[in-house]
Amino acid sequence: MAETKSERSLAMDLVRATEAGALGAGRFMGRGDKEGGDQAAVDGMRYMLNRIKMTGVVVIGEGEKDEAPMLFNGEVLGTGGHPELDIAVDPIDGTRPLAEGRPNSIATLSIAPRGTMYDPGPFVYMHKIAVGPLCKGVVDIEKPVIDNLKAIAIQVDKKVEDLTVVILDRERHLDLIAEIRACGSRIRLIHDGDVAGALMTTQPESGIDVLLGIGGTPEGVLAACALRAVGGEIQGKLYARNDDELQRGNEMGYDFDKILTMDDLVSSNDVIFAATGITDGEFLRGVQYFGDGAHTESFVARGKTGTIRQIQATHSLDKIRMINSNEEN
């Protein structure tokens, strides 16, 4: 089924929003100012999102767990009217890599029909396993690591020893890292940015075969939207950081033992995911500034049609200033 003109327009509107976030945040690369970069990304994305013909409600926002600037949960964006949409947004997936001048910081955004995205409430972490299209349907988050690695190896025609697992570099993952090493697989540790990590599994040239570990629930829903759009898979389970959080979740009706499938995390195929690189990475190149403007590289995928676009754009300095000041020409 071909995309309609309005669907193509909406997809490009999302790219313009992630471009705006990346252009604002890119100036903060390596400056050690996480909140300044985040604020610039939020301002640019909010400005562009409010110009889109839609009624979009932020279901997955970013910032609460880091006390950072945020597009807050429940915020209504757009000019109003139809379509009515859920929005998942992470203005910067990888604030620390941006602040430290490291790779794989991206601006991300996804939309789906209203009521189709998972709302994790106040619970900000989840166990995850994510794979690309070749391995869809062969992994199980409750199986031992070695079983999943063997299943993935068969699908991608590699030995287990040749697989590469991407995982957040956190103390909580020490046992998981030891388990992966015992299996003989290679490990790519990343500081932050596990949406980008999940997306790497969809790109053969990245060399990444699977993402494992505990990361943010907002990033988990965003990754689910992206993987649904391109045909990959993610499974998750909510992670309680302590007994009080576990008790609170149980009282609110959350089941920390439940496997969250793709259908749980985003229940519609009519999902659009967009991302723009802020710093260079395996998935996207970062913002490149020059005398009177900047180059960006973006990715946009639509689940309903399977359309995937890589977009390289050149932006004038006047446009960048307009975005940063939130003023129209």
Q. Does one side chain, of Gln39 or Asp43, offer a donor that lies under 3.5 Å from an acceptor on the other?
A. yes

(Q) Under 3.5 Å, is there a donor on one side chain and an acceptor on the other for Thr307 and Arg302? (A) no

Q) Under 3.5 Å, side chain of Asp86 to main-chain N/O of Ala112, donor-acceptor pair present? A) no

Q) Atom CG in Asp280, atom CD in Gln288: separation rounded to 0.5 Å? A) 5.0 Å

Q. Is the NZ or CZ atom of Arg27 both under 6.0 Å from the centre of the six-membered ring of Tyr289 and within 45° of that ring's axis?
A. yes

Q) Should Lys150 and Asp147 count as an ion pair when the cut-off is N to O under 4.0 Å? A) no

(Q) Are the side chains of Thr217 and Leu238 in contact, using a 4.5 Å heavy-atom criterion? (A) yes

(Q) Taking Arg228 first and then Asp270, would you say they form a salt bridge - that is, a charged N and a carboxylate O separated by under 4.0 Å? (A) no

Q.
Please determine whether the number of non-hydrogen atoms from other residues, nucleotides or ligands lying under 6.0 Å from atom CG of Asn242 exceeds 12.
A. yes

Q) Can you tell me if Thr276 and Thr18 form a side-chain donor-acceptor pair at under 3.5 Å? A) yes

(Q) Just so I know, are the side chains of Lys128 and Glu219 near enough to count as touching, which here means a heavy-atom distance under 4.5 Å? (A) yes

Q) Judged by atom type as modelled, is there a donor-acceptor pair below 3.5 Å linking the side chain of Ser316 to the main-chain atoms of Gly293? A) no

Q. Taking Arg170 for the side chain and His191 for the main chain, is one N or O donor matched with an acceptor at less than 3.5 Å?
A. yes

**Q.** Option passing salt bridge (Lys or Arg N to Asp or Glu O under 4.0 Å) with Asp209 (candidates Arg188, Lys159, Lys158)
**A.** Lys158

(Q) Please check this pair: side chain of Ser110 against backbone of Ile272, looking for a donor-acceptor N/O pair closer than 3.5 Å. (A) yes

